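Below: the structure, in structure tokens.
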Amino acid sequence: MAGHRMDRTTEDIHRELTDIFRALKDPRVAGIISIVRCEVTSDLSVAKVYISSINGLASAKTAVEGLKSASGFIRHELSTRLHLRHTPALRFVADDSIAHSADISALLNQIKREEEG
């Protein structure tokens, strides 16, 4: 039962953070960024949020800096949207999985074109 509640809470945090990110005005966070995954500790004290950008790891790191500076606002918004006893502290981590996936897709498309032609 506790595992199901944690999964549901993690998904709620993921969903609300995605919506909050859209409302941010920081130019460092602008562009195509995505939450790859969200890990919440069992006591709901810390949420580790992995951020990726289509433009690569450098863009994701810039977005993480913007998110760190807005973390107080983001945590406040999260607490008003989710009615938890304690809102977890947010830790943002840059990840390059979207850019890596795009590179793999481009390589596969290139191989496919070479085989056809």
Side-chain angles (χ1 to χ4, degrees):
M1 182 76 165
H4 175 69
R5 182 172 184 263
M6 283 301 299
D7 291 342
R8 191 179 70 225
T9 303
T10 301
E11 286 300 316
D12 289 344
I13 290 172
H14 185 278
R15 183 186 66 245
E16 293 301 331
L17 284 177
T18 301
D19 191 45
I20 292 169
F21 287 177
R22 289 187 190 124
L24 291 177
K25 304 285 189 226
D26 193 332
R28 295 175 288 186
V29 182
I32 302 174
I33 65 166
S34 177
I35 299 174
V36 176
R37 71 177 184 269
C38 183
E39 296 174 352
V40 181
T41 58
S42 61
D43 61 349
L44 294 176
S45 62
V46 177
K48 197 176 217 184
V49 182
Y50 293 88
I51 304 296
S52 185
S53 174
I54 193 77
N55 298 329
L57 188 60
S59 179
K61 287 181 179 179
T62 304
V64 164
E65 291 302 317
L67 292 171
K68 283 181 182 177
S69 68
S71 65
F73 170 76
I74 295 170
R75 189 172 181 196
H76 173 73
E77 281 293 312
L78 195 61
S79 70
T80 58
R81 294 174 185 214
L82 300 176
H83 302 288
L84 300 172
R85 184 174 292 161
H86 300 287
T87 305
L90 301 172
R91 304 284 182 253
F92 298 105
V93 179
D95 190 21
D96 67 341
S97 62
I98 290 180
H100 185 68
S101 299
D103 291 341
I104 291 173
S105 178
L107 288 173
L108 290 174
N109 287 336
Q110 179 183 359
I111 291 170
K112 183 178 178 182
R113 279 184 262 127
E114 288 174 357
E115 287 179 352
E116 291 175 353

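Predicted, not measured: the structure shown is a model, and the values here were computed from it. All residue numbers refer to positions in the sequence shown, counting from 1.
In this structure, CD in E39 is found 6.5 Å from NZ in K48, a value given to the nearest 0.5 Å. To the nearest 0.5 Å, atom CG of residue L78 and atom CZ of residue R75 are 9.0 Å apart. Rounding to the nearest 0.5 Å places CG of D12 at 10.0 Å from CZ of R5. In this structure, the separation between NE2 on H76 and OG1 on T80 is 5.5 Å, given to the nearest 0.5 Å.
Contact check on R81 versus D19 returns a salt bridge, with a Lys/Arg side-chain nitrogen under 4.0 Å from an Asp/Glu carboxylate oxygen. No salt bridge links E11 with R15; every basic N to acidic carboxylate O contact stays at or beyond 4.0 Å.
Within the 4.5 Å cutoff, no side-chain heavy atoms of E77 are placed close to those of L17. With a 4.5 Å cut-off on side-chain heavy atoms, S71 and F92 count as touching. When side chains are defined from C-beta on, V46 does not count as touching V40, because their heavy atoms never get closer than 4.5 Å. L67 has its side chain out of reach of L90: every pair of non-hydrogen atoms, C-beta onward, lies at least 4.5 Å apart. Looking at heavy atoms from C-beta onward, I51 lies out of side-chain contact with S34 at the 4.5 angstrom threshold. Between V49 and V93 the shortest side-chain heavy-atom distance does not fall below 4.5 Å. Counting heavy atoms from C-beta outward, L82 and E16 have side chains that approach closer than 4.5 Å.
The two atoms that bring V29 and A63 nearest to each other are CG2-O, 4.0 Å, heavy atoms only. Closest heavy-atom contact between C38 and A47: SG-CB, 4.5 Å. Here the closest heavy-atom approach between residue T62 and residue R28 is recorded as O-CB, 3.6 Å. Closest approach of K61 and A94 over heavy atoms only: CG-CB, 3.7 Å.
No side-chain donor-acceptor contact under 3.5 Å links S53 to the backbone of I33. Under the 3.5 Å distance criterion, the side-chain polar atoms of S79 are left unmatched by any main-chain donor or acceptor of T87. With S45 contributing its side chain and T41 its backbone, the two residues share no donor-acceptor pair below 3.5 Å. Between the side chain of S59 and the backbone N or O of G56 there is no donor-acceptor pair closer than 3.5 Å.
Residues I32 and L57 do not share a hydrophobic cluster, clusters being chains of Ile/Leu/Val/Met/Phe/Trp/Tyr side chains in contact below 4.5 Å. Hydrophobic clustering, with ILVMFWY side chains joined whenever heavy atoms are under 4.5 angstrom apart, groups L24 together with I35.
The local environment of CD1 in I54 is crowded, with over 12 non-hydrogen atoms from other residues, nucleotides or ligands closer than 6.0 Å.
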Step-by-step salt bridge (charged side-chain N to carboxylate O under 4.0 Å, His left out) determination, R113 to E115: CA-CA 5 Å; R113 279 184 262 127; E115 287 179 352; over 6 Å; no
Verdict with reasoning, K112 to Q110, per side-chain contact (heavy atoms from CB on, under 4.5 Å): CA-CA 5 Å; K112 183 178 178 182; Q110 179 183 359; over 6 Å; no
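In summary, of the residues considered (L107, D103, N109), a side-chain contact (heavy atoms from CB on, under 4.5 Å) with S105 occurs for N109 alone.
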